[in-house]
Amino acid sequence: MEYRPQEMETRWQEYWKANQIFRVNPDSSQPKYYCLEMFPYPSGKIHMGHVRVYSIGDLIARFKTMCGFDLLHPMGWDAFGLPAENAAIEKNLHPSLWTTQNIASMRGQLEKLGLSYDWDREVTTCLPDYYRWNQWLFIKMFERGLAYQKEGSVNWCPSCETVLANEQVVEGECWRCARLVIQKRLTQWFLKITAYAEELLSSLTTLTGWPERVLLMQKNWIGKSSGLELRFPIVGRAESLTIFTTRPDTLFGVTFLCIAPEHPMVPLLIEGTSEREAVLSFIKKAQGQDKTVRTSLTLEKEGIFTGAYGHHPLTDEKIPIFVGNFVLMEYGTGVIMAVPAHDQRDFEFATKYNLPIRIVIAGPTGVPTGAYVDEVGVLVDSGRFTGLAVQEGQKAICKFVEKKGVGQEKIYYRLRDWGISRQRYWGTPIPILYCKQCGIVPVPLSDLPVLLPEDIPFTGKGGSPLSQSPLFANVVCPKCHLAASRETDTMDTFFDSSWYFLRYLSPHETKAPFDSPSAARWLPVDQYIGGVEHAILHLLYARFFTKVICDLGLTNIREPFSNLLTQGMVIKDNAKMSKSKGNVVNPDVLIDQYGADTVRLFSLFAAPPEKDLVWSDDGVQGAFRFLTRVHRMVSRYGGSEMIVPVGGADTLGVGTPIYRMTQRTIKRVTEDIEKFSFNTAIAALMEFYNFLSHEMEHPQTAVPFYKETVRGAMDHLVLLLSPFAPHLGESLWEMLGHPPSISQVAWPSYDPAWVEDETVEVVVQINGRIKAKFNAQAATPDEVLQKRAFDEPKIIAAIAGRPIKKIFVIKGRLINIVL
RNA sequence: GCGAGAGUGGCGGAAUGGCAGACGCGCCAGACUUAGGAUCUGGUGGGUAACUCCGUGGGGGUUCAACUCCCCCCUCUCGCACCA
């Protein structure tokens with residue numbers, strides 16, 4: 001019988017569907033396992049990256065199912081987003097229609113891969129069923145002060161008259177019309193993720209199942225720094241400037257202050273001074289610089305004296321105040337104290353403008369070439385703190401400053417609040433009304449969902465599309481019943497993906513985002529799998545939402561994903577597969593040619609999951625050959641006349657080489673899957689096949705119950721292969737005379753007593769170099785092995801009568817004789 | 001600049017102190033065949049006629065024994081980057 005994957009795969013996909021094999025069993029008493037892969041954006045077609053991540057997830061899900069877990073393995077669509085809107089502009093196709101069509105075709109592709117999803121739980125974020133709960137969550141956050149409005153800057157294309165996402169700004173220009181993008185200040189909605197900054201940071205240590213580098217990226221992103229906030233009174237005025245420093249120990253080395261050009265205190269500083277005009281033109285120049293230029297390290301540090309002075313609260317000196325292009329308004333207080341002796345930037349600035357450099361930490365000499373920034377040394381020239389070590393000095397100065405009432409210790413985070421307003425159509429409408437009488441009014445929960453209007457022309461111009469619909473925008477205030485207007489911005493689509501894993505728990509729930517008993521049963525996600533490109537934003541937002549939702553009393557978990565696997569990219573011709581590079585491989589073509597099992601097997605075999613996978617058409621061919629060979633062996637030797645009862649098979653032929661090999665393979669495959677070493681698990685299966693096929697070509701007739709032993713081995717080969725190549729697994733299982741479905745058969749266990757070979761090859765070394773080898777019974781005592789070594793002619797020759805210093809015996813493996 | 005990860009045959013990769021190169025691809029030879037881009041069998045790190053010698057980015061070290069542990073350096077990938 002020939003291996004024809006196409007017919008076989010269709011047949012089993014239909015069987016699984018008709019028999020609801022992968023539907024979650026609500027009455028199960030088995031331990032739960034929630035296996036989740038990041039859901040895709042429905043762009044229209046799946047690519048190899050999808051094939052890879054879903055193959056990994058499906059393997060884990062099928063393996064865990066066979067291991068006796070009750071599986072939740074859902075799939076859905078991250079269905080809001082810009083491409084749909086662009087398609088609408090370009091092809092005059094409504095985003096909802098475009099998205100629905102894409103989902104239908106992509107679902108078909110995923111089904112063709114034979115993935116074990118419970119499709120009854122499919123979640124689609126652009127449906128009102130889903131996004132009404134976005135609105136619900138938004139209002140809950142608004143009520144708690146976690147959603148608020150403020151002015152923020154956005155990328156704005158003056159010719160398209162629209163806001164652009166950061167990814168749409170290509171080298172400072174609009175991706176569509178190449179017009180220079182400007183920064184525009186708009187009032188936007190923000191989520192107060194900073195309120196959770198400390199917990200988002202500190203609980204990273206509890207995420208032991210996450211890759212170290214993702215934890216590190218999150219840590220850096222949150223960017224906690226503790227230091228001292230200190231007020232410098234402005235000489236001759238009532239106001240003062242507040243600075244932030246992480247090096248309070250260098251306070252006595254301050255020789256000037258530097259303020260950001262955008263700082264609101266600047267006009268006050270230069271009021272009526274002779275420097276006013278010069279400073280204003282400097283500020284104008286600095287603000288004209290692009291944001292990325294402004295913050296690049298290569299930017300020449302420039303500044304100008306304001307004419308004003310600050311009063312050093314500890315030394316009572318007059319300190320000149322400069323405006324500096326390298327000082328950022330967005331971080332800290334927007335003002336810095338400059339200590340050129342101990343900060344490289346301050347040093348460069350001071351050198352350029354001939355400002356004094358005062359050493360206050362005793363370290364190595366040689367200051368003129370750079371600043372001494374190490375936090376090692378002793379304070380010098382620092383008044384009453386002189387002589388203290390750096391660490392002590394920091395503590396003492398903070399304490400002194402606080403006591404004196406001129407400042408306090410303070411913690412700053414790099415993390416900013418999350419601006420979620422998008423001047424777009426294809427997203428969740430923000431459920432807020434603006435009433436002249438009552439101000440900002442959230443839409444009453446009973447009025448949700450706020451539906452997206454249908455009567456919108458897609459021009460790509462004129463700001464928020466929703467404002468074009470008078471029917472949508474003009475409403476009556478629910479409080480005072482006077483005319484009010486609707487918020488016409490929609491939400492960032494990251495909002496949608498921040499909690500979709502909760503919606504899977506009870507996707508048809510109509511009273512809440514999800515029901516609590518389901519949450520208690522399934523949370524947290526046991527294994528999350530996705531691309532490392534989401535290491536920061538999506539995963540940070542999802543963690544934030546989980547904490548908020550817990551604080552709303554809806555769950556009792558504070559971290560959503562216990563274990564995270566980040567898979568590498570799919571590479572071809574030394575580049576990531578992409579349309580623009582022209583190096584894409586179409587999964588459909590491969591599935592038509594080789595079948596889904598082959599494509600899946602190759603994706604798992606070619607590289608460890610977290611590494612990049614180099615695509616190889618020949619490698620796919622190799623995977624296909626392997627499956628063909630297994631198929632041929634089972635159809636040739638696994639005839640039903642040889643049926644033995646399941647469970648009975650493995651008691652036959654105990655101790656034979658075939659039996660031992662079977663046991664060893666079960667162990668290897670099980671352990672390799674558990675540590676995500678799928679490539680070596682498949683290698684073990686290949687070795688098992690090679691061994692078996694060799695055995696069958698040269699049968700060892702002395703083995704009792706030979707046929708039955710081989711049968712047991714084939715049963716196990718098929719079982720172990722089935723989560724990697726599920727369709728073939730089903731067919732071969734059937735061919736071996738078992739009833740379907742193999743996906744519900746228990747994963748085999750092994751007897752540790754039989755995983756080792758009966759005989760071992762022992763290597764004999766002289767001074768660490770191999771001189772001889774011999775075979776011995778595995779259980780041979782060390783002394784006997786040692787004696788055997790000395791009987792080897794090559795060893796005798798190598799020793800040549802010289803005295804022996806020492807002998808090392810590694811049990812059952814190696815003997816090293818040191819001369 | 002800071003941080004993380006990686007560097008092993010012609011290629012993807014395996015081995016976490018104990019036989020370097022499992023498994024696969026490719027290649028070579030043979031078998032079957034009208035035919036082979038199908039299938040099967042055997043071989044395949046390099047040098048050498050051979051004994052053997054060399055070999056895991058480079059250099060040093062620890063050890064009876066190092067791809068593996070330690071120190072220095074080089075290259076590549078990713079992340080962050082005037083963060084006060």
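These numbers come from the heavy atoms of this one structure, side chains and all, not from hydrogens, waters or symmetry mates. Numbers restart at 1 for each chain; the letters A, B, ... are given by sequence-line order, proteins then strands.
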Open item on the list: Tell me if the aromatic rings of A:Tyr594 and A:Phe602 count as close, with their centers under 6.0 Å from one another.
Closed with: no

TODO: Taking only the side-chain nitrogens and oxygens of A:Arg769, find out if one of them lies under 4.0 Å from OP1 or OP2 of B:U52.
DONE: no

Open item on the list: Any side-chain N or O of A:Arg632 below 4.0 angstrom from OP1/OP2 of B:C40?
Closed with: yes

Task: Nucleotide paired to B:A20 in any strand shown, Watson-Crick or G-U, under 3.5 Å - done: none

Task: Nearest-Å distance for atom pair OH/P, residues A:Tyr3 and B:A38 - done: 18 Å

TODO: Confirm from the modelled atom types if A:Lys806 and B:C64 form a donor-acceptor pair under 3.5 Å, side chain to base only.
DONE: no

TODO: Quote, to the nearest angstrom, the C1' distance that separates B:G12 from B:G58.
DONE: 25 Å

Task: Test item: side-chain donor near acceptor, A:Asp672 and A:Thr680, under 3.5 Å - done: yes

- [ ] Look at the aromatic rings of A:Tyr412 and A:Tyr331 and report parallel, tilted or perpendicular, splitting at 30° and 60°.
- [x] tilted

Open item on the list: Under 3.5 Å for both donor-acceptor distances, Watson-Crick or wobble: does B:A49 have a partner, and if so which one?
Closed with: none

Open item on the list: For the C1' atoms, the ones on B:G36 and on B:G47, what distance do you get once it is rounded to whole angstrom?
Closed with: 36 Å

Task: Counterpart base for B:G36, defined by Watson-Crick or G-U wobble contacts under 3.5 Å - done: none

Task: Distance between P atoms of B:G21 and B:A6 (Å, rounded) - done: 22 Å

- [ ] Measure the distance from CG on A:Leu539 to P on B:G79 and round it to the nearest whole Å.
- [x] 15 Å

- [ ] Determine the Euclidean distance between corresponding C1' atoms of B:C67 and B:G17; express it in Å to zero decimal places.
- [x] 11 Å

TODO: Compute the ring centroids of A:His538 and A:Phe494, then answer whether they are less than 6.0 Å apart.
DONE: no

Task: Whole-Å distance separating the CD1 atom of A:Ile536 from the C1' atom of B:C78 - done: 11 Å

Task: Between B:A84 (C1') and A:Asn325 (CG): distance, integer Å - done: 14 Å

Open item on the list: Donor-acceptor pair, distance only, cut-off 3.5 Å: does the side chain of A:Arg52 make one with the backbone of A:Pro609?
Closed with: yes

- [ ] Choose from B:U39, B:C83, B:G79 the nucleotide whose nearest atom is closest to any side-chain atom of A:Tyr331.
- [x] B:C83

TODO: State plainly whether the residues A:Glu687 and A:Arg668 are in salt-bridge range, i.e. N to O under 4.0 Å.
DONE: yes

TODO: With C1' as the reference atom in both, quote the distance from B:U62 to B:A66 in angstrom, rounded to an integer.
DONE: 10 Å

Open item on the list: The side chain of A:Val818 is closest to which nucleotide in this list: B:A4, B:C64, B:A84?
Closed with: B:C64

Task: For B:G10, glycosidic torsion class - syn if within 90° of 0, otherwise anti - done: anti

Open item on the list: Centroid separation under 6.0 Å, is that true for the rings of A:Phe605 and A:Phe626?
Closed with: no

Task: B:U16 and B:C32, which share atom name P, separated by this distance in whole Å - done: 43 Å

Open item on the list: Closest-nucleotide mapping onto RNA chain B: is A:Phe244 or A:Trp221 further toward the 5' terminus? I mean the 5' end.
Closed with: A:Trp221

Open item on the list: If I take atom CG in residue A:Leu540 and atom C1' in nucleotide B:C80, what distance separates them, rounded to the nearest angstrom?
Closed with: 15 Å

Open item on the list: Check this for me: does any side-chain nitrogen of one of A:Lys285 and A:Glu302 sit under 4.0 Å from a carboxylate oxygen of the other?
Closed with: yes

Task: B:G45 versus B:A22 - spacing of their C1' atoms, nearest Å - done: 15 Å

Open item on the list: Both distances below 3.5 Å, Watson-Crick or wobble geometry, any strand: find the nucleotide opposite B:G9.
Closed with: none

- [ ] Write down the distance between NZ (A:Lys771) and C1' (B:C53), rounded to a whole number of angstrom.
- [x] 10 Å

- [ ] Look through every strand shown and name the nucleotide pairing with B:U41 as Watson-Crick or G-U wobble, where both distances are under 3.5 Å.
- [x] B:A29

Task: A:Met217 CE - B:G5 P separation (whole Å) - done: 13 Å

TODO: Could you let me know what B:C2 is paired to, Watson-Crick or G-U wobble, both distances under 3.5 Å, or none if it's on its own?
DONE: B:G79

Task: Heavy-atom protein contacts under 4.0 Å, nucleotides 8-27 of chain B, coded B base, S sugar-phosphate only, - none - done: ----BSS---BBS-BBSSS-

Task: A:Glu229 side chain to A:Gln408 side chain, donor-acceptor N/O pair below 3.5 angstrom - done: yes

Task: A:Met337 CE to B:A84 P, straight-line distance once rounded to whole Å - done: 12 Å

Task: Pairwise C1' distance, B:G26 and B:C78 [rounded to whole Å] - done: 30 Å

